[in-house]
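To start, the structure under review is shown below, and the notes come after it.
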Amino acid sequence: MENMKSLSNKSSFMYELNWELLWKYDKKEAKDIIDDYEEYFELGLLDGKSEEDICKELGSPLDLVRAIFPETTKFRRYINKKILHRFILAFVMLSIITYLIVTLDDNKHMVLTVCLLTPFVIIGLWTLFGDPLYSLSWFSSSESKKNLSKLLVYHLFHTLLILSLFWFMKFEILTWGIKKSPFGMEMFEIGPFVTNILYGIIIILISLLFFGVHKYIKTSIYYFSIIVHEIGIIGTIICYMNTMYKIDESSKYKEYVNLDLLPYLISIVIGGFYILYCNKLLKEVK
Amino acid sequence: MDAQFKKGILEMCILYSIYKEEMYGYDIMQKMSNLFPEVNESTFYSILRRLCGEGATEVYYGTTSNGPKRKYYRITSEGKKYLDTCINDWTKIKRIVSEIGIPSIARQDC
């Protein structure tokens, strides 16, 4: 892929450069390169050049990174140990949540839960095997019409995905509503009702996730980790509500409550550490 | 021109410039891009970094008249040795080329 576009000002150049360096190299080296280019800009401006001229001189940050580290062009650009490590963590966490929600939920919510969690599994697999950051950096530099149309297709796909999830959700509420009147709700009915609302929140979070990944490339890891964490919390609440509902319905589930909640709490703790880890990495780069 | 061959020549030019005069990165890159306008700046930067990484040059921080500290490059003793071999190789190639009798202007009739 030839990257011929040149950026028009310093901040966008440094932004792209930061992004290109973020995933690959140890922080010291990355900072060194960034400092060098800060200096270059500073001196170029003192020389009476405009930011645009300097950007034109320097060419694209991607070419720059390729020139500095020619060995990486032979391999897939963004697959290095650091990112693989990071996304294996994310993937494991998502898998745990998926597995737990699917296996521990009751049969009524089984189909919905599987539908809801499929995107997470897809994202997990995608991040692990699909070289997503390559496409992300491609998204960030989507300026030509060709790229925009591709971006539109992606957005359409994600919108359809989210809409279909909403449809499933609606279907779930409708069937539940027919069986039991939504008015005059009894104690044990509040459980699934709240659960459905929480599922809705999860769907919104998923759409936010896609939106954030597309829109705010720079903060996408941070964004990703926060939303995954929130989803984990809501998952816990859903599980809790479901078990509460089960207890009220029949008390034989009572003994499983702690067993149900423990794995969720563990996944939340893992999520928390994951966020700390991501933030630390980001801080180091900054 | 062959990329490796060109890179070798550029490397020698950069190293020699640093040998003659301690410079900061911006100066080196400006000077080089004036001399080789068709070469991208990132190429100079990558050569500069590599030379530094291999220990042929080293970095120190000095101040200029008009502002904050600047990163200067200077040649090391290792770098001087390396520059010598580069210059030897280069003169050897130049001699061979002239011995064969390749004219300095490209032939038009072949």
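Chain A is the first sequence line, chain B the second, and so forth, proteins listed ahead of strands; every chain is numbered from 1.
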*asked:* Taking the ring of B:Y45 and the ring of A:Y37, is the distance between their centroids below 6.0 Å?
replied: yes
For the atom pair [atom1] ([X]) and [atom2] ([Y]), what is the distance rounded to the nearest 0.5 Å?
X: B:N40; Y: A:L58; atom1: CG; atom2: CG; value: 8.0 Å
X: B:M29; Y: A:E57; atom1: CE; atom2: CD; value: 8.5 Å
X: A:K56; Y: B:E41; atom1: NZ; atom2: CD; value: 13.5 Å
X: A:D36; Y: B:R49; atom1: CG; atom2: CZ; value: 6.5 Å

*So which residues of residues 13-23 of chain B are in contact with chain A at a heavy-atom cut-off of under 4.5 Å?*
none
*Report yes or no: do A:D47 and B:Y26 form a side-chain donor-acceptor pair below 3.5 Å?*
yes
*Could you tell me whether B:K71 and A:D35 have a side-chain N and a carboxylate O separated by less than 4.0 Å?*
no
